[in-house]
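By convention in this document, chain letters (A, B, ...) are assigned in the order of the sequence lines, proteins followed by strands, and residues within each chain are numbered from 1.
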There are 2 protein chains.
Amino acid sequence: MKKRHSHLLVHAPEPLANLTSRLRQSARRVTGPRQAILDLLRQQRRPMTNKEIHAAMAEGDCDLVTIYRSMHLLEEMGMVKRFDFGDGTARFELVTGDSHGHHHHLVCTSCSEIVEIDDCFAAELELRVAAAHGFKRVTHKLEFFGVCPGCQQKSLACKRPDRARRMPCGC
Amino acid sequence: MKKRHSHLLVHAPEPLANLTSRLRQSARRVTGPRQAILDLLRQQRRPMTNKEIHAAMAEGDCDLVTIYRSMHLLEEMGMVKRFDFGDGTARFELVTGDSHGHHHHLVCTSCSEIVEIDDCFAAELELRVAAAHGFKRVTHKLEFFGVCPGCQQKSLACKRPDRARRMPCGC
DNA sequence: CTGGTTGCAAACAATTTGCAACCCA
DNA sequence: TGGGTTGCAAATTGTTTGCAACCAG
């Protein structure tokens, strides 16, 4: 990471201030890559893969491995949330304090466009399921898949249905 | 695959008869491995990984690669369903015609025990989501995670929270 | 200074692919 | 017989780890 985005420190946007204090209290460091990642996630409000994040921060700013390690850390700290759209690559989104907590997505199986679904209607289901089977600390993963308006026209049927599960569907 | 499970042909259980006719009409072959896989899945009514399937059919019956290829085929034909519990390995379950169609699971994050949840309460949500965003052919994936009764006692807290996402949680 | 971090190379694990040998229909 | 199948080896891809150099506090 050559040059730190100093403007970040100036604005001291919420997530960053958050990061700083949280890191400090666990004897961890506020480093360039970590700041850059949060910054990126703050701009692009959409689930991003590690590779996308890496590519997005131009000029070999930091190693891909560092991204992986940072995401683990940030996830542990509850600053990002991991999503799994079934294509074998993890995606991460910034956890913004305001409202945008637990939510789901609607993913186009053709162009992989992602729509954020803000309300979570499954909370009540969790309770029901937990009660029915005696489980504790029950959470859930719920994602929707379909064909977006754009792809419906183009009638872009997937040529290789056996690969449909790979979201960034290169059929 | 040395010796074909001939008793399968005798009983001619539903899934197998199904397989035979379906394969034939698409100019594909009814082979030993395919029969063995369906047979296994019919017995062990639980989501199995390719590796588990492979291990289960003793004596190098068939190559792991063949399992992978077969699962793709069977999935395409709609005879098995793929599930993803977020641990990076696909699991498959037999699609039995009777009732047991679309359903979900409750997975213990500690011992990875899997409970089948028969009712799907999210069907209506699909419609709502589809309508709201103009998507077609909308489906969803929904799985629940928590700590099963057994693991609650043992209070087996995960030592490495950063790895909690790996279901067969070797923490 | 010094322990948390990073980069780089290498290890890993799940899955896929190429290709020649093989076998069901 | 012939095209779908399989086995084996090798390639791919996402992710993790070992380790020495490095830097934030």
Counting just side-chain N and O atoms, does A:T31 come under 4.0 Å of either OP1 or OP2 of C:dT6? yes
Whole angstroms only, please: what is the NE2-C1' distance between A:H54 and D:dT16? 16 Å
Intra- and interstrand pairs of DNA chain C - dot-bracket, Watson-Crick/G-U under 3.5 Å, | marks other strand: ||||||||||||||.||||||||||
Output the single nucleotide from C:dT15, D:dG7, D:dT6 whose closest atom is nearest the side chain of B:D63. D:dG7
Interatomic distance, A:M77 CE vs C:dT5 C1' [rounded to whole Å]: 14 Å
With respect to the phosphate group of C:dT15, does any side-chain polar atom (N or O) of B:H72 fall under 4.0 Å of OP1 or OP2? no
Protein-nucleotide distance (A:R82, atom CZ; D:dG14, atom P), rounded to Å: 14 Å
No-hydrogen, no-angle side-chain donor-acceptor test under 3.5 Å, A:E93 and A:H105: yes
Of the nucleotides D:dT16, C:dT15, D:dA9, which has the atom closest to the B:A90 side chain? C:dT15
Can you find a side chain N or O atom of B:T89 that sits less than 4.0 Å from OP1 or OP2 on C:dA14? no
With a 4.0 Å cutoff (strictly under), does any side-chain N or O of B:Y68 reach OP1 or OP2 of C:dT16? no
If you restrict it to nitrogen or oxygen atoms, what contacts under 3.5 Å exist between nucleotides 2-4 of chain D and the protein, and what is each distance?
unit_1	atom_1	unit_2	atom_2	d
D:dG3	N2	B:R29	NH1	2.8

Is there a donor and acceptor pair closer than 3.5 Å between the side chain of A:R69 and the base of D:dG18? yes
Let's see if you can work this out: which of C:dT15, D:dT15, D:dC8 has an atom nearest to the side-chain heavy atoms of B:V65? D:dC8
